[in-house]
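One structure is given here, and the rest of the page talks about it.
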Amino acid sequence: MNNILIKNGRVIDPSQGLDEICDVYIANGVVQEIRKNVKRKATTEIDATGLIITPGLIDIHTHLREPGREDEETIYTGTRAAAAGGFTSVCCMANTRPVCDSRTGIKYILSRALETGVVNVFPVAAITVGQNGEEITEFGDLISAGAVAFSDDGNPVMNAEVMRRTLEYTSMFDVPILDHCEDLNLSNVGVMHEGFIQSLLGLEGVPAAAETIQVGRDIELLEFFGGRLHICHVSASGSIHLLRRAKKRGVRVTCEATPHHLTLTDELVKKTNFDTNTKVKPPLTSEEDRQELIRGLQDGTIDVIATDHAPHTDKDKDMVFMDAPFGLIGLETAVAIIFTELVHKRFITVSQMIEKMSVNPARILKIERGTLKAGAVADVTILDPNRRYTIRADKFFSRSRNTPFDGKKCRGAVDTTIVGGRVIFSKGKILEEKGG
Ligand SMILES: [Zn+2]
Ligand SMILES: [Zn+2]
């Protein structure tokens, strides 16, 4: 079995309040020691001088598209994109074809991940059968098959009574509901954030209330009926206000924001002349909303930074703005964007970044990850905070290219990704041949 000695890195592990220069020794797939001057023989030695060593990053919100849309992404390509992006674990959403709403669906994903994947894949099961929004799935059975959470993401649960039963039922298992909040009657045929830019461009708008109304509704249901709620991709300042107040009252709600909502606004639709890679759900919002998201990150209202990696083929995205599908990819750009736009500009610290990209996702999902404590599974990410490079979509490991960040100059990159004590990605290359 491989053993790895990572020398002289700045170890940042918020799960144990650690931020200091030391060595990390890994053997038998497990973190053995973290201290200065580890004197051990290792089959692999990594010099991490000037680099940051952290618990492996976890993306709580990824679309791997398999089964059903293997032309957009597969577990093979998606997990390689994840490794290249520093993610050692991803949670894959249930809106595949067929929808992942059965034991067979969960088992299929787990077995494909074992055969072809290079990072940990934690499946999310659908809340309702076929994501039809009406009939809830067999939660207990799906959990025993390996589901870590439930979500109809892609679609909201429009029926409040269904959401009530979902919360009541899942409270017996203490698993989170990953909640895509969108009132479909309000979002209707909208394609971008309703506001000044949208009226200027003459496109159909999605009002912020389409999101905030359901965030408010579901917080209310959670307080009455119990359970655990994690709000996906918050984008509106109003949602942050609701979540901040709920958390102050001690409500068990958590939430995530995406790198794109944290760094881009609806201006970009105009600036790029209707580039369909700026079309996403929820839509990119206004600068005021974005500022409130940053405040939410800083004061802990936002627990998690998640990519909502949503691959689409060039063919599908190559349409007029009104007709193109919603969604963009994020696994291979998240670290660079967060470093460049939020850490180096001093909105958040590296420690906060790691908390929101590893420690908190693990805590919410209740998976034994997100820590480098001795004895923990050796999922480790090594980051180079100062490496300068330009994002090139044509170099992605993902099967899709739909990113609004192509060509962006960044500072901060992923150096090495270690999963279960094996070096999977290093210096731009995937080192695992599995799954071919
Ligand atoms: Zn969603
Ligand atoms: Zn999603």
Side-chain angles (χ1 to χ4, degrees), residues 58-66 68-69 72-73 75 78 81-82 85 87 89-97 99-101 109 121-128 131 133 147-158 163 166 176-184 186-187 190-193 206 208 210-215 217-218 229-236 239 243 254-262 277-285 293 302 304-312 316-317 324-331 333-334 361 364-365 398 400 402-404:
I58 301 166
D59 191 22
I60 200 170
H61 191 150
T62 305
H63 297 268
L64 290 177
R65 302 292 192 224
E66 185 177 349
R69 282 306 302 262
E72 295 177 329
E73 196 78 283
I75 292 171
F87 293 98
S89 298
V90 295
C91 289
C92 60
M93 285 297 182
N95 62 338
T96 46
R97 295 179 191 174
V99 167
C100 184
D101 58 6
I109 289 165
V121 175
F122 292 101
V124 176
I127 295 173
T128 61
Q131 294 192 319
V148 293
F150 292 89
S151 182
D152 271 2
D153 184 63
N155 297 303
V157 174
M158 280 290 283
M163 184 53 93
T166 300
I177 300 301
L178 313 181
D179 193 9
H180 170 120
C181 289
E182 176 188 359
D183 185 305
L184 293 172
L186 277 174
S187 58
V191 291
M192 73 174 289
H193 174 67
V206 177
E211 174 180 294
T212 56
I213 278 177
Q214 267 201 6
V215 171
R217 181 200 78 177
D218 290 352
L229 201 63
H230 174 81
I231 310 286
C232 295
H233 44 53
V234 286
S235 69
S239 302
L243 285 157
T254 56
C255 72
E256 73 194 27
T258 69
H260 47 278
H261 289 110
L262 288 163
N277 291 325
T278 64
K279 184 176 174 183
V280 63
K281 256 189 186 173
L284 299 174
T285 44
L293 292 184
I302 297 173
V304 170
I305 298 173
T307 70
D308 194 6
H309 179 84
H312 291 290
D316 284 352
K317 273 288 193 183
F326 291 92
L328 45 95
I329 53 174
L331 286 172
T333 51
I364 291 163
L365 296 161
S398 170
S400 288
N402 52 311
T403 173

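Each ligand, and each atom within it, is numbered from 1 in the order the structure gives. The figures here come from the full heavy-atom set of this structure, side chains too, leaving out hydrogens, waters and symmetry mates. Please read all numbers here as calculations on a predicted model, not as lab measurements.
In this model, no donor atom of one side chain and acceptor atom of the other lie less than 3.5 Å apart for His309 and Thr62. No donor-acceptor contact under 3.5 angstrom links the side chains of Thr258 and Asp308, judged on distance only. In summary, the side chains of His63 and Asp153 do present a donor paired with an acceptor at a separation below 3.5 Å, with no hydrogens or angles considered.
When atom types are taken as modelled, the side chain of Asp152 and the backbone of Ile127 share a donor-acceptor pair closer than 3.5 angstrom. At least one donor-acceptor pair closer than 3.5 Å links the side chain of Lys317 to the backbone N or O of Gly327.
Arg65 has its side chain out of reach of Ser400: every pair of non-hydrogen atoms, C-beta onward, lies at least 4.5 Å apart.
The distance cut-off of 2.8 Å around the Zn ion (ligand 1) captures these protein N, O or S atoms, sorted by chain and number: Asp153 OD1, His180 ND1, His233 NE2.
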